[in-house]
Amino acid sequence: MLSLKDKDRPIIRKLLDAGCCARCVLRFCCVGKYSSYQRSLEDINKELLAFLSEADEQKSHEVSDHTQTEDPPSKKMKLESPQAGEDGSSETAAADAQPKVRSEICVACLGVLQDFCDQSYTKQVCDSVRKGEYQFDSLVLAVSLPAQLSVREHSCWLHIKKEAREKSMCMDKEDVVQVKDAFKWAIQGMVGKDLGASVLTNSAFEVSVGFTHPETDSDCHFLATTCSDCFKPTKNKASVFTRMAVVKALEKISDQKFLRNYPCPPVSPIGKCTPLDTTCLHASVFIAGRYNKFSRELPQTPWVIDGERRMEGSVEELIADPLLSSFSADGFNFSSSGREDVDVRTLGNGRPFAMELLNPHRARFNRAEIRQLQETINASSDKIRVRDLQIVTREAMGRMKEGEEEKTKSYSALIWTKKAITNTDLDFIGNIKELKIDQKTPLRVLHRRPLAVRQRVIHSMGASFMDTHHFRLQLHTQAGTYIKEFVHGDFGRTKPNLCALMESEVDILELDVESVDVDWPPAVPE
Ligand code: ZN
């Protein structure tokens with residue numbers, strides 16, 4: 001049943017004597033069968049002791065063959081009777097058997113595999129997950145353990161290393177099952193069953209559990225002296241003894257040096273680990289679409305200067321608010337294919353945007369529900385309108401940004417000229433094709449963008465007469481062209497510009513984006 005081999009006997013004896021729990025004994029015997037860890041501690045203890053006494057009676061072969069064939073039905077039985085572990089006390093198992101299993105807190109796992117693999121602990125975890133009111137049908141369990149477990153693990157390994165090496169050529173420290181894995185194997189089935197979810201390593205929903213053991217925190221301290229280069233103080237970490245740093249130091253330290261500085265086997269702790277609060281995190285959901293902006297008094301993102309709000313509302317907030325509440329998300333990141341100024345409208349098919357919704361508690365929406373959400377957004381304000389709303393993948397979102405420089409945009413602008421407009425002027429503008437312009441970073445954005453000269457192309461223009469001093473200018477340009485600066489010249493920072501081309505003072509009174517030629521996200525049929 002436990003798939004133990006004859007060669008494991010001396011190791012089992014040594015570990016039990018050192019104060020290891022039954023599950024840790026299985027780990028050091030490299031038992032890789034999940035079901036072995038799901039049995040109650042009492043059962044595992046009994047079986048370990050029986051296995052040891054078999055050797056004394058010289059009949060190990062017959063029994064181990066017998067238990068092998070019995071494995072599948074009893075594995076099933078154990079899975080279906082999870083309460084078996086609740087009153088599991090190692091003392092009763094040890095009472096009438098030789099050698100004894102000690103009843104103290106395990107020196108290797110500090111109780112993680114003794115006291116937290118039963119239903120009373122998993123029920124706590126599940127109750128706390130349910131409080132988060134997440135919607136999920138699968139989960140992945142993340143376990144964080146105190147860093148000193150690695151030190152204790154190393155000490156236990158050195159304690160049995162000689163026997164392990166002598167009896168089997170292949171056994172190495174890496175073959176030992178990690179506390180983290182054994183713990184997951186022991187409880188994740190119960191957690192999944194209780195929450196009605198399957199346990200998948202690639203699940204978007206992560207349940208994090210963890211333990212601390214302040215009493216033995218100082219176990220790691222000698223490493224700071226013996227391997228000082230492994231422990232660099234960092235701003236963000238509360239302690240330099242991170243799990244990573246401790247593992248790295250243990251890889252470096254020689255056996256002799258370790259044994260001079262740390263007891264082998266480790267000393268028994270007084271108390272067991274304390275469980276940390278269970279936390280949940282759902283992977284981000286990405287939602288994309290296109291928006292129109294019909295207002296000349298609405299910024300794309302909140303307009304805040306020196307901590308003070310300059311204008312009410314923004315495109316991203318108008319879109320985000322209904323999404324945040326429907327997805328019950330903690331926050332969002334907004335991105336779009338370019339952006340327009342506060343006073344610029346975005347018409348036509350709109351501007352592609354994508355939004356990352358952080359830690360959504362609800363993540364499954366069908367097409368009809370997304371359509372309903374789009375309608376909710378559109379009903380909430382007449383300043384914007386959203387279309388093609390859809391859930392996309394993180395990877396697909398990259399399509400919006402890729403090749404952005406090569407994309408084109410179309411604009412419509414209302415232009416004022418100082419001189420009276422003639423038909424010759426309008427024809428002249430209409431005949432300009434593939435005009436290359438150099439734009440120094442505009443004065444108005446210089447506070448947030450580095451100073452640079454960018455070359456952009458005006459692919460074509462068209463002009464239609466309105467009155468003697470006004471005409472409407474249509475532009476088809478490379479994405480990223482500063483249109484206002486192309487018109488007024490930005491004090492000569494954009495060359496050539498419309499002032500220079502028309503040999504007159506000109507200004508831009510209104511600007512609309514007519515189309516953003518990015519073929520993402522795909523259109524959603526009405
Ligand atoms: Zn243990």
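Just follow the structure's listing: the first ligand is 1, and inside any ligand the first atom is 1. Computed from heavy atoms alone, side chains included, the values below leave out hydrogens, waters and symmetry copies.
- Of the listed residues (Phe241, Phe231, Phe258), just one forms a ring pair (Phe, Tyr, Trp, His ring centres under 6.0 Å) with Phe222, and that residue is Phe258.
- For the pair Arg351 and Phe353, the cation-pi test (distance below 6.0 Å, angle within 45°) is failed.
- Geometry at the Zn ion (ligand 1): SG/Cys106 and SG/Cys109 form an angle of 100°, nearest 10 degrees.
- Computed with the Zn ion (ligand 1) at the centre, the Cys24 SG to Cys21 SG angle is 110°, stated to 10 degrees.
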(request) Go through the steps for Tyr262 and Asp219 under the test side chain to side chain donor-acceptor pair (under 3.5 Å), then give the verdict. (result) CA-CA 8 Å; Tyr262 193 82; Asp219 279 359; 3.0 Å; yes

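- Of the candidates Val107, Leu110, Val151, Pro266 forms a side-chain contact (heavy atoms from CB on, under 4.5 Å) with just one, namely Val107.
- Residue contacts to the Zn ion (ligand 1): Cys20 brings no N, O or S atom closer than 2.8 Å.
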